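Shown next, in structure tokens, is the structure this report addresses.
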Amino acid sequence: IKSKYNPQYTAGGDNGIIDGLNGDVDWRKGGWQGYQGQDFECIIDIKEPKQIQEIVATFLQDTRAWIFFPKQVEIYTSYDGKEYSPFGTMPITIFKFPSDNIDASIEKASSFTKPITCQYVKIVAKNYGKLPSWHQGYNMEGDNAFIFVDEITIK
């Protein structure tokens with residue numbers, strides 16, 4: 001994990017996002033890693049080159065708790081861990097972007113391609129940024145939103 005998760009939101013540690021346990025819409029149960037004021041970035045080493053064609057990353061939004069879906073999710077693959085190629089980008093349109101709906105929800109960002117062989121997968125989720133003016137926590141200095149990520153699967 002290239003980013004630093006908040007010590008209150010660890011999902012059980014570094015492997016929490018690939019442990020096979022899915023976070024609940026009630027994020028207070030501890031199944032999510034939370035990143036505030038920064039993009040989320042991780043690299044997953046599959047341990048040997050394998051053929052893949054789908055990568056899925058799961059995100060939570062609960063705007064009342066300052067948790068917003070990322071603006072965009074970018075996925076890259078690499079055979080050697082040095083040179084990365086784009087696998088796919090999921091624009092915000094796949095998410096139910098913040099509005100006056102404050103219900104918590106979970107969305108899976110997935111990207112498909114023709115089968116490729118790789119050993120490394122990099123995921124970059126772009127943080128929403130400063131809280132919007134309609135948010136109850138908004139202030140003129142601007143407080144930062146969280147990204148909550150949980151299970152990442154590679155098929």
Side-chain angles (χ1 to χ4, degrees), residues 1-63 65-98 103-132 143-155:
I1 299 173
K2 300 285 189 179
S3 308
K4 184 172 176 55
Y5 51 80
N6 185 299
Q8 292 180 303
Y9 311 113
T10 67
D14 289 353
N15 291 328
I17 57 174
I18 57 169
D19 62 4
L21 303 172
N22 293 308
D24 192 276
V25 72
D26 181 357
W27 52 270
R28 293 166 196 86
K29 293 179 180 178
W32 296 89
Q33 284 185 355
Y35 299 84
Q36 187 176 25
Q38 61 183 308
D39 296 338
F40 165 76
E41 183 176 343
C42 75
I43 297 174
I44 299 169
D45 181 351
I46 305 171
K47 301 295 183 201
E48 63 185 54
K50 291 186 180 177
Q51 191 176 73
I52 65 167
Q53 67 181 44
E54 181 184 17
I55 300 168
V56 179
T58 309
F59 297 93
L60 172 86
Q61 179 168 278
D62 184 348
T63 59
W66 300 21
I67 304 166
F68 287 70
F69 286 138
K71 290 181 184 179
Q72 180 172 295
V73 180
E74 301 167 351
I75 299 176
Y76 304 89
T77 58
S78 174
Y79 195 83
D80 62 6
K82 296 177 181 126
E83 300 285 327
Y84 283 85
S85 300
F87 183 85
T89 299
M90 283 73 72
I92 195 59
T93 55
I94 69 157
F95 298 116
K96 297 172 188 147
F97 205 58
D103 295 332
S105 62
I106 295 172
E107 291 291 331
K108 293 180 184 288
S110 64
S111 187
F112 302 87
T113 188
K114 63 183 181 197
I116 63 164
T117 300
C118 70
Q119 181 173 334
Y120 300 90
V121 173
K122 181 192 303 188
I123 298 176
V124 179
K126 302 292 186 176
N127 190 287
Y128 179 84
K130 303 294 182 191
L131 297 174
D143 286 314
N144 294 306
F146 277 91
I147 290 177
F148 268 37
V149 60
D150 182 33
E151 216 47 37
I152 296 171
T153 56
I154 301 167
K155 300 176 186 177

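Since the model is a prediction, treat every value here as computed from it, not as a measurement. These values consider heavy atoms only, across backbone and side chains, with no hydrogens, waters or symmetry-generated copies.
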Residues that K155 engages under side chain to side chain contact (heavy atoms under 4.5 Å, CB included), provided they are two or more places apart
E54, T153
For D80, all residues meeting side chain to side chain donor-acceptor pair (under 3.5 Å), sequence neighbours excluded:
S78
Supply the atom-to-atom distance I44 CD1 to I18 CD1, rounded to the nearest 0.5 angstrom.
5.5 Å
Here the pair of heavy atoms bringing N127 nearest to A145 is ND2-O, 3.2 Å
Quick one: salt bridge (Lys or Arg N to Asp or Glu O under 4.0 Å) partners of K29, sequence neighbours excluded?
D24
Salt bridge (Lys or Arg N to Asp or Glu O under 4.0 Å) pairs touching residues 4-21, sequence neighbours excluded, are none
Using side-chain heavy atoms (C-beta onward) and a distance below 4.5 Å, is F40 in contact with P70?
no
Aromatic centroids of Y128 and F68 separated by under 6.0 Å:
yes
Residue list, ring-ring contact (aromatic ring centres under 6.0 Å, His included) with F146, at least two apart or on another chain
Y9, F148
Heavy-atom side-chain contact between I1 and I17 under 4.5 Å
yes
Test log, rule side chain to side chain contact (heavy atoms under 4.5 Å, CB included), inputs I52 and V121:
CA-CA 10 Å; I52 65 167; V121 173; 4.2 Å; yes
Any W27 side-chain heavy atom under 4.5 Å of I67 side chain
yes
State which residues pass side chain to side chain contact (heavy atoms under 4.5 Å, CB included) with K47; sequence neighbours excluded, sorted by chain then number.
D45
Taking side chain to side chain contact (heavy atoms under 4.5 Å, CB included) as the definition, give me every residue that meets it alongside P7, ordered by chain and number, with sequence neighbours left out.
none
For K108, does its backbone N or O pair with a side-chain atom of T58 as donor and acceptor, under 3.5 Å?
no
Backbone N or O of P49 within a donor-acceptor pair of the T117 side chain at under 3.5 Å?
no
Roughly how far, to the nearest 0.5 Å, is the OH atom of Y84 from the SG atom of C118?
9.5 Å
Taken in chain and number order and not counting sequence neighbours, the residues that satisfy side chain to side chain donor-acceptor pair (under 3.5 Å) with N6 are none
Test your reading of the model: is there a side-chain donor-acceptor pair from Q36 to the backbone of N144, 3.5 Å cut-off?
yes
Would you kindly say whether W66 and D143 are connected by a side-chain donor-acceptor distance under 3.5 Å?
no
Contacts of N22 that satisfy side chain to side chain donor-acceptor pair (under 3.5 Å) - sequence neighbours left out
none
Look at the side chain of Q61 and the backbone N and O of F69, then say whether any donor-acceptor pair between them is shorter than 3.5 Å.
yes
Are the side chains of Y35 and V149 in contact, using a 4.5 Å heavy-atom criterion?
yes
Decide if atom CD of Q51 counts as having more than 12 heavy atoms of other residues, nucleotides or ligands within a radius under 6.0 Å.
yes
Using side chain to side chain contact (heavy atoms under 4.5 Å, CB included) as the criterion, list what pairs up with K126, not counting sequence neighbours.
D39, K71, Q72, E74, V124
